[in-house]
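Here the structure is a predicted model, which means the values were calculated and not measured.
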Amino acid sequence: RRHAGDNGGAFAVPETLPVRGLGNDSGPRGHVPHSGELPYALRGQSGLHRADAEPTARGGRAVRGVLIAAPSSGSGKTVAVMGLLAVLKQKGVGLAAFKCGPDYIDPLFHRKVLEVESCNLDSFFLPADQVRALAERTLAETAGPEGFGVVEGVMGYFDGLGGVSARGSSREMAQILELPAILVVDGRGASLSLAALIQGFLNYTPSDGTGRGNRIAGVIFNRVGGGM
């Protein structure tokens, strides 16, 4: 099957998405959406799906959820988000879906899975405190007090305003909402080079004053063979 990517192109939809958490190489492999188990990077071992949200430095409680990002458009973010939403919905988790930026196409896919409206979060049009308030309110109203939010990023993880800044990027949204980010990496035609790509994302700090840290907590390899 093929779906439109957020750059207007198209990408193939694999029947399964191999998943492994970056933080624990000994973890088992899972598949999204056909496996009955959560992806390893989203299970309790990583702390991303916890019973109680932790207090944050901003005060109040942390937004419960995860942000799905990628090195570039067309990597498979939307496919991964739809698979994750389907698995969590099947498990009875209260869910709310979000999209970074003003994109109206990807939220239609979210709505197809959840049968409720997805919410756009845009740090260009809204200051950080209003973005966070909107996310918290939408999560509470759509998913309930113990709900879980799945945020789909835009373009590449650090791609922001004018192509020269991380402002307005998926990475900035992860910072605002204090969410862990999972990179969806297109593994077609590569093997060990993927490790170099991921290491670069882990080590990179933009020089635009948006601060240090990237909040990347795991990776989903898309379009890879069984030997990977």
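Following chains of ILVMFWY side-chain contacts shorter than 4.5 Å, one cannot reach M155 starting from F125, and the two form parts of different hydrophobic clusters. The hydrophobic clustering, which links ILVMFWY residues whose side-chain heavy atoms are closer than 4.5 Å, places V116 and F109 together.
With R132 contributing its side chain and I176 its backbone, the two residues share a donor-acceptor pair below 3.5 Å. In this structure, the side chain of R64 engages the main chain of G147 through a donor-acceptor pair within 3.5 Å. Between the side chain of K77 and the backbone N or O of G156 there is no donor-acceptor pair closer than 3.5 Å. Here the side chain of R215 pairs no donor or acceptor atom with the backbone of E172 at under 3.5 angstrom. Of the possible donor and acceptor atoms, none in the side chain of T138 sits under 3.5 Å from a partner among the backbone N and O of A135. Between the side chain of S118 and the main chain of A97, a donor-acceptor pair closer than 3.5 Å is present. N222 contributes no side-chain N or O that, together with a main-chain N or O of V184, makes up a donor-acceptor pair within less than 3.5 Å.
Nearest heavy atom pair, residue C100 against residue G153, reads SG-CA, 3.8 Å. Nearest heavy atoms, M82 versus V113: CE-CG2, 3.9 Å. When all heavy atoms are compared, the tightest approach of A80 to I220 is CB-CD1, 4.3 Å. Closest approach of E152 and V81 over heavy atoms only: CB-CG2, 3.8 Å. Considering every non-hydrogen atom in both I105 and D103, the closest pair reads N-OD1, 2.6 Å.
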field: Derivation and outcome, side chain to side chain contact (heavy atoms under 4.5 Å, CB included), residues V150 and I68
entry: CA-CA 7 Å; V150 178; I68 305 297; 4.3 Å; yes

query: Does the side chain to side chain contact (heavy atoms under 4.5 Å, CB included) test come out yes or no for L177 and L121, once each step is laid out?
result: CA-CA 10 Å; L177 300 181; L121 300 174; 3.9 Å; yes

message: What verdict does the side chain to side chain contact (heavy atoms under 4.5 Å, CB included) test give for S123 and R167, after you've listed the backbone C-alpha separation in whole Å, the side-chain angles of each residue and the deciding distance to 0.1 Å?
response: CA-CA 8 Å; S123 57; R167 298 186 185 279; over 6 Å; no

- request: Give the C-alpha distance, both sets of side-chain angles, the deciding distance and a yes or no for side chain to side chain contact (heavy atoms under 4.5 Å, CB included) between L84 and V66.
  value: CA-CA 10 Å; L84 178 57; V66 65; 4.0 Å; yes

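The ring-ring contact (aromatic ring centres under 6.0 Å, His included) check on Y204 picks up F158, with sequence neighbours excluded. For the side chain to side chain contact (heavy atoms under 4.5 Å, CB included) test, residues two or more places apart in sequence or in another chain that qualify with N120 are K99, P107.
Contact annotation: the side chain of L161 approaches that of F124 to within less than 4.5 Å [non-hydrogen atoms, C-beta and beyond]. Side chains of F221 and I198 form a contact here, defined as non-hydrogen atoms less than 4.5 Å apart. Contact check for Y157 versus L67: side-chain heavy atoms found under the 4.5 Å cut-off. At least one side-chain heavy atom of V63 sits less than 4.5 Å from a side-chain heavy atom of L139.
Atom OG1 of T78 and atom NE2 of H110 lie 5.5 Å apart (nearest 0.5 Å). We find the CG-CZ distance between L85 and F148 to be 10.0 Å, quoted to the nearest 0.5 Å. To the nearest 0.5 Å, atom OG of residue S170 and atom CD1 of residue I216 are 10.5 Å apart. A distance of 9.0 Å separates CG in L183 from OG in S75, rounded to the nearest 0.5 Å.
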